[in-house]
Amino acid sequence: MLSRIAQSLFWIGRYLERADDTARILDVQMQVLIEDPGMDERTSCEQLLSVMGVESYTGNPNRWMILDLLAHNADSPVSIAAAIGASRESARRARETLSTDIWAAINTTWRGLPAARAMRSPDMFAWVRNRTAMISGIADSTMSRDEGWQFYMLGRSIERVDMTARLMSTAALASGPQVAWPTTLRACGAYESFIRAYRGIEADRQAAEFLLLDRWFPRSIVSSLAQAEKALTKLERSGQRSGFSDEAQRLLGRARTELEYRPLADIVFDLPVEMERLQRSCAAASDAVTARYFAEYEEHTWRGGVLL
Amino acid sequence: MDTPELFDGYGPVVGFDEMFQDGAVRSNYGQVHESFDTMGADEVRLRADSLASSYLEQGVTFGVEGEERPFPLDIVPRLIEAADWEHVERGVRQRVLALEAFLADAYGPGELFADGVVPRATVMTSPHYHRVVAGLEPANGVRVHVAGVDLIRDGNGDFRVLEDNVRVPSGVSYVMTNRRALSAALPEVFADHRIRPVSQYSQQLLAALRKAAPAGVHDPTVVVLTPGVYNSAYFEHTLLARTMGVELVEGRDLVCRSGRVMMRTTNGLEPVDVIYRRIDDEFLDPVQFRADSALGVPGIINAARAGHVTIANAVGNGVADDKLLYTYVPDLIRYYLSEEPILRNVDTWRMGEADQREEVLDRLDELVLKPVDGSGGKGIVIGPAASKDELDELRGKILLDPRAWIAQPVISLSTVPTLVEDGIRPRHVDLRPFAVHDGDDVFVLPGGLTRVALPEGELIVNSSRGGGSKDTWVMASPTDPDDEGEVAPTASMVAGTPQSAGPAIDGESGGLHVQEQEQQQQQQHDGGPTC
């Protein structure tokens, strides 16, 4: 398949997942702010912005600023609006390879964005979750399981690892963990699964364990890493007897085993640092995928009759 | 109801109206007219609105100055009778074959110049004549893989050729999407008619492109080459690639290596055999044409010359759809095919010829003046509508470069009822049928793109000037058993298959508590999982 199209599909997966997860993160943050009156709004918002990688802003961070930078403002590269816009632009560039259904679903979402931004925040977040879920559902039932699908799944899974890591950092940073963890589980749609899995015994440690390591829950970090590895294995045509020739596969596999084979206490001891490390692995894996599959784009330009 | 009836205030119509004749509905439009009348204004508007919003959601758009706009589709279809269509089809086929012969001759032996059919200078001075492809023999002899011939109906209802497009004619995607959208909006009207289908276009095109592959390539890789997402016809490029199942590439996806064109894939470079390009000649190859173009592929012309890749349509076809060459097409038909032209041209004066120029300069205020290399209605001056200053300026331009202009009488294009603000009103239309030449035969897609000039009295129908479109229905001939006509989805087809039900849903298999039964019935009622 064309490198450019593969790249578009990879990024459609990433951007849609990012929009979904950003909505989930904001939902947690807003609920925590409302439910915990003792919380220092400014510190908590500063922490969130730093977790989301926003470094430059002016003024004192508060909830309105967060909503603007992370949800509404299309000029802010980490916002939901920007992610939806970028997914639509990627889809437009890969349009001939997408099913009509999935293209229409993405396009309609993008067109619905102005109306969604006028909603109350919780409604907007629910809308984003519903729209992205719908697109995933359509993709799942109309896209052929070819290379394009693997790139889409790869992008989605890598982004999900990255964003779940950020979500967990947000929860860990909240001053009142007794509020933060249940809310985080809810934001992941994991609350009921968690309660059932642990027979109603709620504890921070178990909640972290569930979101990090549960092999059955599709949003857990380990599940998402495994999903990404699976996509890479399918893309890697020449099966090897030993080792991995693929850098991305090596990086993701290492990240997964480090979570799986280390004592949980080690990991949760300094969760934010651990999560940051995971995000760096995701970035490195994404770069490796780009270099391996998309970089057939030799950087050449043609100007004034000279091949530069 | 206070809503005025749809057709109240229609007419009087100047010229030929395709639905009405002397105030009465023409017989072929009987059912359409009756259906619209029965539906009433509110229902028609409701359906027209849903038509527009479905186009927005699907992204059926075209670009105007970088902005994506929904492609306007009018809800009233245009009908063409089987016999009329047969005439058009033969005429278009004849034109395409004559233009093919002309191109082969002009880039080859040049016999037509020796025989004095067209002056050599007329061709050689055309900005679209590309010496670089002279002598380049296409693999199966085809240069015009796709043609779009613009037709109008004059005051008598006769089809006449307005211009030929044999470079990169666009609009066929709207023929296909218009059909689907309109059959969904007007299923009952659709079901009343036997309409020839348009969905086979992509397969015809793909077959023709495959047949044009370089010699010795048995399973050619075909791609569609687009300038990119900012091109006004990008929607069309994606639709063609998608429906043909081939890659849509941009210039940067292709690279030339030792005389072959390769595309960059996740498995490295893979060879390409046939390129259906939707980029103009001038942007195709910075080595040969515009060095500053980033859209094309350096070396692609050399690869074509080496016979390793087929470029469709062929480079240099522009000399055949130059508006000046247009005036010679009837002669070309007689010269190459020994036939009389089936479709007539519109009367045209060549400004390059002194006596014709004299006559036109005296009557500038009565005529339409067109630049020979203009497209999309650009630069056209309609004499009766122009001010004295505009005409003086025009006169200056013609005298400065007479070869660049032709003149035609103002023709009143035919009108077809169209839904506008005030109701249904006559609006001018033209028609662009699409033809595909595969080397053995010319396939003409039944119908083509009907463009509508939406402002009242406007004669220029291009979408870049705010024009709309109509779904164009060619009636199946009663004598043609091969052509079943397109069938609109009907309620019975959609709801034909009984749905399999979940466990014990009818509540009769026993053992269920009343409460559970109620819940299940409620679920069914709410459109729950059993529906």
Side-chain angles (χ1 to χ4, degrees), chain A residues 1-10 88-112 144 146-148 150-151 154 231-232 234-238 246 289-308, chain B residues 53-61 63 68 70 173 177 180 202 223-224 226 228-230 234-256 262-270 272 285-299:
Chain A
M1 106 176 291
L2 279 181
S3 299
R4 181 171 53 80
I5 298 298
Q7 195 168 16
S8 289
L9 284 162
F10 179 79
R88 194 264 183 178
E89 199 52 34
S90 301
R92 197 151 91 91
R93 285 164 198 275
R95 183 150 168 201
E96 74 287 356
T97 54
L98 295 174
S99 72
T100 308
D101 289 353
I102 186 170
W103 154 255
I106 294 174
N107 194 40
T108 308
T109 304
W110 175 74
R111 295 187 51 79
S144 176
D146 57 8
E147 233 184 315
Q150 304 303 342
F151 279 110
L154 182 60
L232 282 168
K234 294 238 166 91
L235 288 169
E236 171 90 62
R237 296 260 165 102
S238 55
D246 188 81
V289 169
T290 304
R292 161 103 193 244
Y293 293 103
F294 312 144
E296 227 344 280
Y297 274 120
E298 295 146 45
E299 284 298 322
H300 78 226
T301 42
W302 181 273
R303 220 171 276 132
V306 185
L307 195 61
L308 298 174
Chain B
S53 67
S54 87
Y55 261 30
L56 267 180
E57 272 169 31
Q58 293 172 54
V60 181
T61 56
E68 280 176 73
S173 57
T177 52
R180 178 155 300 173
S202 300
V223 299
V224 177
T226 175
V229 288
Y230 298 109
Y234 183 68
F235 166 75
E236 173 149 316
H237 307 159
T238 65
L239 184 116
L240 289 174
R242 197 169 67 229
T243 52
M244 289 195 289
V246 305
E247 302 286 1
L248 179 66
V249 302
E250 294 178 15
R252 58 197 168 112
D253 296 320
L254 299 180
V255 61
C256 294
M262 316 288 278
M263 61 178 167
R264 304 170 199 276
T265 78
T266 48
N267 286 325
L269 296 177
E270 288 179 3
V272 170
D285 188 343
V287 175
Q288 302 289 352
F289 302 109
R290 296 179 55 153
D292 59 340
S293 169
L295 299 176
V297 187

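Chain A is the first sequence line, chain B the second, and so forth, proteins listed ahead of strands; every chain is numbered from 1.
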Check whether Glu57(B) gets within reach of chain A through its side chain, its backbone, both or neither, counting any heavy atom under 4.5 Å.
both

So for Glu250(B), is it side chain, backbone, both, or neither that comes closer than 4.5 Å to the heavy atoms of chain A?
both

Is any side-chain heavy atom of Glu89(A) closer than 4.5 Å to one of Trp110(A)?
no

Given the side-chain rings of Tyr293(A) and Phe10(A), with only the six-membered ring counted for Trp, is the space between their centroids under 6.0 Å?
no

Proximal component of Arg111(A), with respect to chain B [non-hydrogen, under 4.5 Å]:
side chain

Salt bridge or not for Glu247(B) and Arg4(A), using N-O below 4.0 Å?
no

Short side-chain to backbone donor-acceptor contact, Arg88(A) and Thr109(A), under 3.5 Å:
no

Proximal component of Val223(B), with respect to chain A [non-hydrogen, under 4.5 Å]:
neither

Greatest number of non-hydrogen atom pairs under 4.5 angstrom with chain A, of Thr226(B), Val229(B), Leu239(B), falls to Val229(B)

To the nearest 0.5 Å, what is the distance between CZ on Arg92(A) and CH2 on Trp103(A)?
6.5 Å

For Leu240(B), is it the side chain, the backbone, both, or neither that has a heavy atom closer than 4.5 Å to a heavy atom of chain A?
neither

With chain A, the option among Gly59(B), Gly245(B), Gly228(B) that has the most non-hydrogen atom pairs under 4.5 Å is Gly59(B)

Note, Thr177(B) side chain near Tyr55(B) side chain (heavy atom, < 4.5 Å)
yes

